[in-house]
2 protein chains.
Amino acid sequence: MAAVDDLHLTADERLRRDGQRYTANRRALVDVLAASEGPVTIAEVLAAADGLAQSSAYRNLAVLEDAGVVHRLVTADDTARYELAEDLTGHHHHLVCASCGVVADIEVPEVLERHIAALAASTASATRWSVDHHRLDLLGTCPACQAAGS
Amino acid sequence: MAAVDDLHLTADERLRRDGQRYTANRRALVDVLAASEGPVTIAEVLAAADGLAQSSAYRNLAVLEDAGVVHRLVTADDTARYELAEDLTGHHHHLVCASCGVVADIEVPEVLERHIAALAASTASATRWSVDHHRLDLLGTCPACQAAGS
DNA sequence: TTTACTGCAAAGGGTTTGCAACATG
DNA sequence: CATGTTGCAAACCCTTTGCAGTAAA
């Protein structure tokens with residue numbers, strides 16, 4: 001069984017747990033996210049999922065997010081981007097273009113993750129906050145914008 | 001001379017360099033940001049700077065950002081927050097409440113910064129991107145939301 | 001006295017929602 | 001057939017902009 005089939009099984013299961021159905025539209029959204037190199041905007045989703053209504057894209061991505069299948073994020077510009085939940089793709093971080101907003105996934109060395117985990121622990125004990133995630137973005141300029149800007 | 005006076009002198013200088021004036025409204029905005037514990041929303045700015053028009057807040061913060069005095073960021077919710085530019089406050093990172101969106105500043109150990117710098121360098125050389133900043137956020141729940149949620 | 005800045009109100013753009021029709025269990 | 005889902009269009013909210021009046025160099 002291919003990894004994508006596993007993905008659909010997991011998505012189906014998580015939606016049913018919420019009393020939701022895993023419809024063709026939702027399946028198409030998961031396929032689009034699984035095929036992308038990094039978090040994608042609604043505009044990109046609509047371009048890739050032909051015939052899908054904008055409102056359905058927003059609504060279904062919200063349903064998928066509630067079910068823990070999808071993660072929504074906002075990076076540089078003020079438009080949201082969506083990716084598969086981290087437990088489906090593995091922990092990773094982002095490389096963000098400050099010019100056009102495009103986002104690529106990057107892996108981070110284990111030693112750095114350990115330092116961040118230590119920071120999270122010491123911050124939680126030094127404050128009254130609870131800390132349960134972290135987010136590390138590298139900001140720069142993507143190849144396309146470098147070419148366009150020069 | 002107090003640190004706040006230095007801040008106003010620097011702001012004045014950077015605005016003039018852009019052909020802009022350092023007006024009472026802009027001075028008030030800098031005072032609000034200097035007095036806050038972390039990045040603040042427009043709503044918070046308006047509450048603190050009495051009588052300031054909303055459009056003036058947005059416009060002046062944009063002018064201050066262009067001049068390199070202010071930094072605009074978007075974290076958890078979809079509302080922008082503003083803080084003084086990093087060269088005025090020192091390099092720091094953020095502790096973000098996933099529930100209400102409030103943001104606190106945190107310092108990070110030098111060793112972690114060095115690991116992040118190394119990641120930035122290796123990422124730049126492994127891709128065609130240029131990398132010039134980074135952003136590390138810890139995500140959790142602030143004391144107020146913990147109290148409200150229990 | 002020229003140029004920048006202000007407040008108001010209207011417009012803009014991404015996102016959400018009401019509703020009637022449709023599809024699925 | 002009962003409930004969840006869809007697409008359309010209108011509403012929503014944060015943010016930006018046009019404009020006429022005001023203030024600063």
Side-chain angles (χ1 to χ4, degrees), chain A residues 8 11-32 39-47 49-67 69-83 100-103, chain B residues 8 11-32 39-47 49-67 69-83 100-103:
Chain A
H8 286 306
D12 191 0
E13 186 181 305
R14 292 186 186 178
L15 284 177
R16 283 181 198 290
R17 197 203 299 143
D18 280 15
Q20 308 272 350
R21 298 170 187 162
Y22 195 43
T23 63
N25 275 351
R26 292 172 185 175
R27 197 181 168 93
L29 287 171
V30 169
D31 278 330
V32 169
V40 291
T41 61
I42 287 285
E44 291 164 346
V45 165
L46 293 177
D50 198 57
L52 181 66
Q54 191 188 51
S55 60
S56 293
Y58 277 111
R59 253 187 303 226
N60 286 324
L61 286 168
V63 167
L64 288 165
E65 189 183 20
D66 285 346
V69 176
V70 158
H71 178 60
R72 176 186 196 270
L73 56 115
V74 179
T75 50
D77 44 28
D78 299 344
T79 61
R81 288 170 190 268
Y82 298 84
E83 63 184 357
C100 71
V102 72
V103 181
Chain B
H8 287 305
D12 191 0
E13 185 183 305
R14 291 185 187 179
L15 284 177
R16 283 182 197 289
R17 196 204 297 141
D18 280 14
Q20 307 273 348
R21 300 169 187 163
Y22 195 42
T23 63
N25 276 351
R26 292 173 185 173
R27 197 182 167 93
L29 287 171
V30 169
D31 278 329
V32 168
V40 291
T41 61
I42 287 285
E44 291 164 345
V45 165
L46 292 177
D50 197 58
L52 181 66
Q54 192 187 50
S55 59
S56 294
Y58 278 111
R59 253 187 301 225
N60 286 324
L61 286 167
V63 167
L64 288 164
E65 188 182 21
D66 285 346
V69 175
V70 159
H71 179 59
R72 176 185 194 270
L73 56 115
V74 179
T75 51
D77 43 28
D78 298 345
T79 59
R81 288 170 189 267
Y82 299 84
E83 64 184 356
C100 72
V102 73
V103 181

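Below, chains carry the letters A, B, ... as their sequence lines are ordered, and counting in each starts from 1. Worth knowing before you read on, the calculation uses all heavy atoms, side chains too, and leaves out hydrogens, waters and symmetry mates.
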Under the salt bridge (Lys or Arg N to Asp or Glu O under 4.0 Å) test, which residues partner [X], sequence neighbours left out?
X	answer
A:Asp31	none
B:Asp66	none
B:Arg27	none
A:Arg21	none

Item to check | Letter per nucleotide, 5' to 3', of nucleotides 3-8 of chain C [B base touched, S only sugar-phosphate touched, - untouched; heavy atoms, 4.0 Å] | outcome: BBSSBB
Checklist entry - Side-chain contact, heavy-atom cut-off 4.5 Å: B:Thr79 with B:Ile42? => result no
Checklist entry - Can you find a pair of side-chain heavy atoms, one from B:Val30 and one from B:Tyr22, that are under 4.5 Å apart? => result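 Counting from C-beta outward, B:Val30 and B:Tyr22 do come under 4.5 Å.
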Just jot down the side chain to side chain donor-acceptor pair (under 3.5 Å) partners of [X], sequence neighbours excluded, or say none.
X	value
B:Asp18	none
B:Glu83	B:His92, B:His94
A:Asn25	none

Whole angstrom is fine here: how far is it from [atom1] in [X] over to [atom2] in [N]?
X	N	atom1	atom2	result
B:Asp78	C:dG14	CG	C1'	9 Å
A:Leu46	C:dG14	CG	P	12 Å
A:Tyr82	C:dG14	OH	P	13 Å

For a quick test of your reading: what N or O donor-acceptor pairs under 3.5 Å do the side chains of residues 51-64 of chain B make, sequence neighbours left out?
| residue | atom | partner | partner atom | Å |
| --- | --- | --- | --- | --- |
| B:Asn60 | OD1 | B:Arg26 | NE | 2.7 |
| B:Asn60 | OD1 | B:Arg26 | NH2 | 3.1 |
| B:Asn60 | ND2 | B:Ser56 | O | 3.1 |

Checklist entry - Using the C1' atoms of the five pairs at each end, what is the angle between the end axes of the helix from C:dT1-D:dA25 to C:dG25-D:dC1, to 10°? => result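 End axes: 30° apart.
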Checklist entry - For A:Ala62, which contact category applies under a 4.0 Å heavy-atom criterion: base, sugar-phosphate, or nothing? => result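 Answer is nothing: A:Ala62 stays at 4.0 Å or more from every strand.
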Item to check | Residues forming a side-chain contact (heavy atoms from CB on, under 4.5 Å) with A:Glu44, sequence neighbours excluded | outcome: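 Listed in chain order: A:Val40, A:Thr41, A:Arg81.
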Checklist entry - Between which nucleotides of DNA chain D, read 5' to 3', does contact with chain A run, using atoms under 4.0 Å from its heavy atoms? => result D:dT3 to D:dA9
Next on the checklist: On DNA chain D, compare the nucleotides closest to B:Tyr58 and B:Arg16; which residue's is nearer the 5' end?
Outcome noted: B:Tyr58
